[in-house]
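What follows is one structure encoded as structure tokens, with my remarks underneath.
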2 protein chains.
Amino acid sequence: MKLTSKGRYAVMALVDLARFNNINPVSLRDISLRQGISLDYLEQIFSKLKKNEIVKSIRGTQGGYVLNKNPNDIKLTNIFHAVDEKVKTVQCKKESKKGCNGKATKCITHNLWDELEIHINTFFENKSLKDLLNNNKETRV
Amino acid sequence: MKLTSKGRYAVMALVDLARFNNINPVSLRDISLRQGISLDYLEQIFSKLKKNEIVKSIRGTQGGYVLNKNPNDIKLTNIFHAVDEKVKTVQCKKESKKGCNGKATKCITHNLWDELEIHINTFFENKSLKDLLNNNKETRV
DNA sequence: ACATACCTGACTAAAATGGTCAAGTTTGGA
DNA sequence: TCCAAACTTGACCATTTTAGTCAGGTATGT
Ligand code: FES
Ligand code: FES
């Protein structure tokens, strides 16, 4: 049960972006250098963030990326969804009535994993980029 | 971020075991058939559960496995630990002061992932086999 | 003695992960 | 005008992890 680096990097990059967002667009090259993430990999990630309207791009020299929403409105849920980092605890297809072992009913632990999934997702829904910014300035204003 | 089948099967098998535990030892063959889990795979899993003193084995004909503790004292944490299903959200080594990218300090999202890890582990610590049994008999006595 | 069931370790096919690489297009500025 | 910075797209790939299988054992109740 581990977090993939795609999800981890996406959040890391967005926190970085949000910090420098005020004045100019932020280039991936800068984020790459500051956070130690491969530039090519960041490009894949931002391509998805853009499709999901979490960031906007500005091309050309002095270009870069800008947040497309208020940091308060960008939940971890949104970010993870954008980069396909999904929480998957059950093995079966949820919408089906069949169980994970191919049987006709859900297995004896299905409800447990479902609870777990909700538990984790709740965490993601209650965290926004804003929270992370405040958190990292050590003390709130 | 997904649960592996080793962890899922371990819990599934133990719930099954706990249900039939009262009278006789339960053979892996039975669990295999009832839960639709490969027998050879179950053997690997139970080998670990035994090493961690969660179950006891009884060899020979009519043999099988028996719980080694009260269902109330077997937390999901214990089970997962036994089969090496671990929650890993940070990339760095926790005890080190270094960050995940090889830098000298922890990255800007480290605290977040640490919080997440605690959040998930709390769930596992608050669930025992007993809870799962009750839960599956639909209604409590 | 023999079938049942535990025990152990090696092995492997397939999937996921964590990237790299190559070849663009767009645009601001010297 | 021309160049370099920066975004864009898509293919490619090595390594690791997962989810098992397989082949041999050993112990024991009947
Ligand atoms: S996890 Fe859904 S049926 Fe087993
Ligand atoms: S996750 Fe610990 S430093 Fe980045």
Side-chain angles (χ1 to χ4, degrees), chain A residues 1-10 12-13 17 20 24-52 54-66 68 80 83-89 91 100-102, chain B residues 1-13 17 20 24-52 54-66 68 80 83-89 91-92 100-102:
Chain A
M1 178 130 241
K2 68 183 174 200
L3 193 63
T4 68
S5 72
K6 192 163 269 182
R8 195 181 298 111
Y9 287 165
M12 221 186 272
L17 177 57
F20 294 86
N24 296 312
V26 180
S27 75
L28 293 190
R29 190 172 156 281
D30 286 354
I31 297 181
S32 167
L33 289 174
R34 277 196 293 259
Q35 305 303 329
I37 305 171
S38 143
L39 177 57
D40 283 318
Y41 202 21
L42 271 180
E43 274 166 354
Q44 285 182 42
I45 293 170
F46 272 76
S47 157
K48 296 187 177 191
L49 292 175
K50 189 187 170 188
K51 272 186 195 131
N52 284 264
I54 291 173
V55 297
K56 275 187 300 196
S57 68
I58 294 159
R59 303 186 65 152
T61 320
Q62 297 297 97
Y65 285 93
V66 187
N68 198 20
F80 278 9
V83 299
D84 305 313
E85 170 89 47
K86 37 188 168 255
V87 177
K88 176 162 184 173
T89 56
Q91 173 69 0
C100 50
N101 38 24
Chain B
M1 175 126 247
K2 69 184 173 200
L3 194 64
T4 69
S5 72
K6 191 162 272 183
R8 197 181 298 111
Y9 287 166
V11 176
M12 223 187 270
L17 177 56
F20 292 86
N24 296 312
V26 181
S27 74
L28 292 190
R29 190 170 157 281
D30 285 355
I31 297 181
S32 168
L33 290 173
R34 278 195 293 259
Q35 304 304 328
I37 304 170
S38 144
L39 176 58
D40 283 318
Y41 203 21
L42 272 180
E43 276 169 352
Q44 284 184 41
I45 292 170
F46 272 76
S47 158
K48 297 186 178 192
L49 291 175
K50 189 188 169 187
K51 272 186 197 132
N52 283 266
I54 292 173
V55 297
K56 275 186 300 195
S57 68
I58 294 160
R59 302 185 69 152
T61 319
Q62 297 298 95
Y65 284 94
V66 187
N68 198 19
F80 277 10
V83 299
D84 305 313
E85 170 89 47
K86 38 187 166 256
V87 177
K88 176 162 184 170
T89 56
Q91 174 69 1
C92 61
C100 50
N101 37 26

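- Along DNA chain D, the nucleotide nearest A:K2 and the nucleotide nearest B:G60 are compared for position; the residue whose nucleotide lies closer to the 5' end is A:K2.
- When each of A:M1 and A:K51 is assigned the nucleotide of DNA chain D bearing its nearest heavy atom, the one mapping closer to the 5' terminus is A:K51.
- Computed from coordinates, the B:E85 CD to D:dT17 P distance equals 14 Å when rounded to whole Å.
- Heavy-atom minimum distance, B:S57 versus B:K50: OG-NZ, 3.2 Å.
- Scanning atom types as modelled, no donor and acceptor separated by under 3.5 angstrom connect the side chain of A:E43 and the base of C:dT20.
- If you check C:dC6, D:dT8, D:dA23 against the side chain of B:D40, the one that comes closest is D:dA23.
- Out of C:dC6, D:dG20, D:dA6, the shortest distance to the side chain of A:Q62 is found at D:dA6.
- Contact check of residues 26-39 of chain B against DNA chain C (heavy atom, cut-off under 4.0 Å) returns B:V26, B:S27, B:L28.
- One N or O donor and one acceptor, one from the side chain of B:R59 and one from the base of D:dT26, sit under 3.5 Å apart.
- Here the side chain of A:T4 is nearest to one of C:dG18, D:dA19, C:dC6, namely C:dG18.
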**Study point:** Test log, rule side chain to side chain contact (heavy atoms under 4.5 Å, CB included), inputs A:L49 and A:Y65
**Key:** CA-CA 10 Å; A:L49 292 175; A:Y65 285 93; over 6 Å; no

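- No side-chain donor from either of B:S5 and A:Q91 sits under 3.5 Å from a side-chain acceptor of the other.
- When the P atom of D:dA5 is taken as reference, atom CG of A:N24 falls 17 Å away, rounded to whole Å.
- Counting only distance, with no hydrogens or angles, the side chain of B:R29 and the backbone of B:G64 share no donor-acceptor pair below 3.5 Å.
- Side-chain atoms of A:S32 come within 3.5 Å of backbone atoms of A:I37 as a donor-acceptor pair (strictly under, hydrogens ignored).
- For the pair A:K50 NZ and D:dT8 C1', the interatomic distance rounds to 8 Å; values are reported in whole Å.
- Side-chain N/O atoms of B:Q44 and base N/O atoms of D:dT21 include a donor-acceptor pair closer than 3.5 Å.
- Between the side chain of B:N68 and the main chain of B:K56, no donor-acceptor pair closer than 3.5 Å is present.
- Each end of the helix from C:dA1-D:dT30 to C:dA30-D:dT1 gets its own axis from five base pairs, and the two axes differ in direction by 10°, given to 10 degrees.
- No contact: A:F46 has no heavy atom under 4.0 Å from any strand.
- Between C:dG19 and A:Y9, a contact under 4.0 Å exists linking OP1 or OP2 to a side-chain N or O.
- Among all heavy-atom pairs drawn from B:F46 and B:I31, the shortest one is CZ-CD1, 4.0 Å.
- When all heavy atoms of A:L28 and A:L39 are compared, the closest pair comes out as CB-CD1, 3.6 Å.
- Residue B:S57 has a polar side-chain atom (N or O) positioned under 4.0 Å from OP1 or OP2 of C:dC7.
- Within the structure, the salt bridge (charged side-chain N to carboxylate O under 4.0 Å, His left out) test picks out the following pairs touching residues 33-48 of chain A (sequence neighbours left out): A:D16-A:R34, A:K48-A:D84.
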